[in-house]
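Down below is the structure, laid out as structure tokens.
For the numbers below, each heavy atom of this structure counts, side chains included, while hydrogens, waters and symmetry mates do not. Everything quoted here is computed from the prediction, not taken from an experiment.
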Amino acid sequence: MADQLTEFLRNKKEQSTRGEVDWEAKKAQWLTSLQRLYARIKDLMDESLRDGTVDVVEFEAEVNEDYIGTYRVPQLGLTVGRDRVLFSPKGVNVIGAEGRVDLQGDRDTVTLIRTASAGDREWEVVLQRVPKLVAVPLDESSLAAALQRVMLT
């Protein structure tokens, strides 16, 4: 029995040393994906931005993650009338996704997750977490539903 345990632990250690992660590259991909997310959001709201219905501001905040440390991330803020919402990146090291951004408003918070690195389907809006994760692609409809959920009015 002890031999099984010893062998298991040796195999586990060997596997972990083979799969070294380039954390700087992962962080760089994450930051690039955030810029694509914000560009996608602005594209989806293009008409509302052009007619002045929505004001947008971008700024930076600090995030601290295991293995990566403290670094700066872009945040996106939207103002619609008296309502303000914030797209706040939480990190790249999340279970079940390749990154997480919270859409925070005065009423609620909605989670967006990065699921892949390909085009418009890179980001999804989480509809439900338990008992099973349910998410839909970020598009005009899912963004509208998320904004309605987090805004007071």
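Proximity of a side-chain donor or acceptor of Asp83 to a complementary backbone N or O of Leu152 within less than 3.5 Å is detected. Between the side chain of Arg107 and the backbone N or O of Gln148 there is at least one donor-acceptor pair closer than 3.5 Å. In this structure, the side chain of Arg84 does not engage the main chain of Thr79 through any donor-acceptor pair within 3.5 Å.
Minimum interatomic distance between Ile113 and Ala135 (heavy atoms only, all atoms of both residues): CD1-CB, 4.4 Å. Here the closest heavy-atom approach between residue Gln75 and residue Ser88 is recorded as NE2-OG, 3.0 Å. Between Val126 and Arg149, the shortest heavy-atom distance links the atoms O-NH1, 4.3 Å. Contact detail for Ser142 and Val136: the closest heavy-atom pair is CB-CG2, 3.8 Å. Of all heavy-atom pairs spanning Pro89 and Pro74, the tightest one is CG-O, 3.2 Å.
For the atom pair OG1 of Thr109 and CG of Asp102, the computed distance is 6.0 Å after rounding to the nearest 0.5 Å. Atom CG of Leu78 and atom CG of Leu143 lie 8.0 Å apart (nearest 0.5 Å). To the nearest 0.5 Å, the span separating CZ on Arg114 from CD on Glu124 amounts to 12.5 Å. To the nearest 0.5 Å, atom NZ of residue Lys27 and atom CD1 of residue Ile68 are 7.0 Å apart. To the nearest 0.5 angstrom, Leu133 atom CG is 10.0 Å from Thr115 atom OG1. Note that CG of Leu103 and CE of Met151 are 8.0 Å apart. Values are rounded to the nearest 0.5 Å.
Using a 4.5 Å cut-off on side-chain heavy atoms (C-beta onward), Glu7 and Asp3 make no contact. The shortest side-chain heavy-atom distance between Leu31 and Val73 falls under the 4.5 Å cut-off. At least one side-chain heavy atom of Trp123 sits under 4.5 Å from a side-chain heavy atom of Leu34. Side-chain contact between Asp43 and Arg40 is present, with at least one heavy-atom pair separated by less than 4.5 Å. The side-chain heavy atoms of Glu24 and Asp22, taken from C-beta on, include a pair separated by under 4.5 Å. In this structure, Leu37 and Leu138 have side chains that are in contact, with non-hydrogen atoms separated by less than 4.5 Å.
Taken together through direct or relayed side-chain contacts under 4.5 Å among Ile, Leu, Val, Met, Phe, Trp and Tyr, Leu44 and Val110 form part of one hydrophobic cluster. Val150 and Val134 fall within a single hydrophobic cluster, where Ile, Leu, Val, Met, Phe, Trp and Tyr are joined by side-chain heavy atoms under 4.5 Å apart, directly or via other members. One hydrophobic cluster, built from ILVMFWY side chains closer than 4.5 Å, holds both Met45 and Val80. Placement of Leu127 and Phe87 within a single hydrophobic cluster is found when ILVMFWY residues are connected by side-chain heavy-atom separations under 4.5 Å, directly or transitively. A continuous path of Ile, Leu, Val, Met, Phe, Trp and Tyr side chains, each step under 4.5 Å between heavy atoms, connects Tyr38 with Val85, placing both in one hydrophobic cluster.
Asp66 is linked by a side chain to side chain donor-acceptor pair (under 3.5 Å) to nothing, counting only residues two or more places apart in sequence or in another chain.
Residue-environment remark: CD (Gln128) exceeds the threshold of 12 foreign heavy atoms within 6.0 Å.
Screening residues 60-80 for ring-ring contact (aromatic ring centres under 6.0 Å, His included) gives Trp23-Tyr67 as the qualifying pairs, with residues at least two apart or on separate chains.
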List the atom pairs, donor and acceptor, that lie under 3.5 Å between side-chain atoms in residues 52-62 and the rest of the protein, sequence neighbours left out.
from	atom 1	to	atom 2	distance (Å)
Thr53	OG1	Asp51	OD1	2.5
Thr53	OG1	Asp51	OD2	3.4
Glu58	OE2	Lys42	NZ	2.3
Glu60	OE1	Arg72	NE	3.0

